[in-house]
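Just so it is clear, the values below take in all heavy atoms, side chains as well, and ignore hydrogens, waters and symmetry mates.
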Amino acid sequence: MAQIKQVGIGRKSTGTIDGITYYVRNGKTFARSAPTMPASAYNNPDAKVRQAIFKMVQMHMKYHLRTIRQTITATTGSPNNRYYSLNKKGLNAALQTLAEQYVDGEDVTITDVEQAISDYAAEHPTSIRIASKSGYQEVYLTGPWPSTITLNALSGDSTVIIIVNEHGVQTTINADGTTTVSTYSGSGNDNDNDNDNENANENTGGSGTSTGGSGSGDGNGGGDNGGGAGFQD
């Protein structure tokens, strides 16, 4: 069966169906075969390193999922997606060497991933944003992930302090000086339904679920490998 290279089909349509890509040019719709990537494109050393970096970034974001949800504003998509978009260049650079070691057969744990990112952030203190909340100044990672994240308003004196806790208790010091404490008591895995379903495994070569359960409502969350945070506007 011959592949369609370029044919006018007389009606407007776009997208790819069954390996055929439709596009519009000068008011006419054309069809051509969609390109396919050879297997070698995914199996060469550079591709394997990129895949390892992406997996480690997923581990890192899963580890800090509940904090990221509270400190990153996403106008479209999810806070995790925006966090990655803001920090892709820095995270990729931070994990390059570690990914190469993994491809060479070394085990990599979440501790290794966090250490690599912390070391890079200490040398490049304006490369990785850990807070980008509407109405507040951005906060950058300058070393290990902090136990307290302070958000200062862009205007006025409003300040919110998020005390990160990985074991289910979140404390928020509100702008008016009051303190809110929330305790998470759920169980199960935390699925974000936005491409966050990569396993945050202790080892990139294994599988497992070491995250805590999902909470409901602002300020809830926290669990064994999730950076818990409370935030109230």
Inset, instruction - Mind running side-chain contact (heavy atoms from CB on, under 4.5 Å) on Thr150 and Val139 for me, showing each step along the way? - result: CA-CA 8 Å; Thr150 302; Val139 179; over 6 Å; no

Legend entry - Check: Gln115/Asp119 side-chain N/O donor and acceptor closer than 3.5 Å: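 Gln115 vs Asp119: donor-acceptor pair found between side chains.
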
Inset, instruction - Could you check Leu98, Asp104, Val103 and say which one makes a side chain to side chain contact (heavy atoms under 4.5 Å, CB included) with Gln101? - result: Leu98

Legend entry - Ring geometry between Trp145 and His64 (parallel below 30°, tilted from 30 to 60°, perpendicular above 60°):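 Aromatic pair His64/Trp145 classed parallel.
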
Inset, instruction - Check whether any side-chain N or O of Ser134 sits under 3.5 Å from a backbone N or O of Thr73 as a donor-acceptor pair, and report yes or no. - result: no

Legend entry - Flag, side chain of Asn92 to backbone of Lys89, donor-acceptor distance under 3.5 Å: no

Spacing of [atom1] belonging to [X] relative to [atom2] belonging to [Y], to within rounding of 0.5 Å:
X      : Y      : atom1 : atom2 : answer
Ile117 : Asp112 : CD1   : CG    : 11.0 Å
Ile53  : Gln58  : CD1   : CD    : 13.0 Å
Tyr63  : Thr111 : OH    : OG1   : 6.5 Å
Thr126 : Leu141 : OG1   : CG    : 11.5 Å
His60  : Asn80  : NE2   : CG    : 9.0 Å

Is there a side-chain contact between [X] and [Y] (heavy atoms, below 4.5 Å)?
X      : Y      : answer
Ile130 : Pro146 : yes
Tyr84  : Ile68  : no
Lys62  : Met59  : no
Tyr120 : Ile128 : yes

Which pair of non-hydrogen atoms, one from [X] and one from [Y], has the smallest distance, and what is that distance?
X      : Y      : value
Tyr136 : Val160 : OH-CG2, 3.7 Å
Glu138 : Ser132 : OE2-OG, 3.1 Å
Arg129 : Tyr83  : O-CE1, 3.1 Å
Val113 : Met56  : CG1-O, 3.7 Å
Ala52  : Ala99  : CB-CB, 3.8 Å
Ser127 : Asn87  : O-OD1, 3.6 Å

Inset, instruction - Identify, with sequence neighbours excluded, every residue that meets side chain to side chain donor-acceptor pair (under 3.5 Å) alongside Gln137. - result: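 Gln137 satisfies side chain to side chain donor-acceptor pair (under 3.5 Å) with no other residue.
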
Legend entry - Tyr140 with Ile149, same ILVMFWY side-chain cluster at under 4.5 Å: no

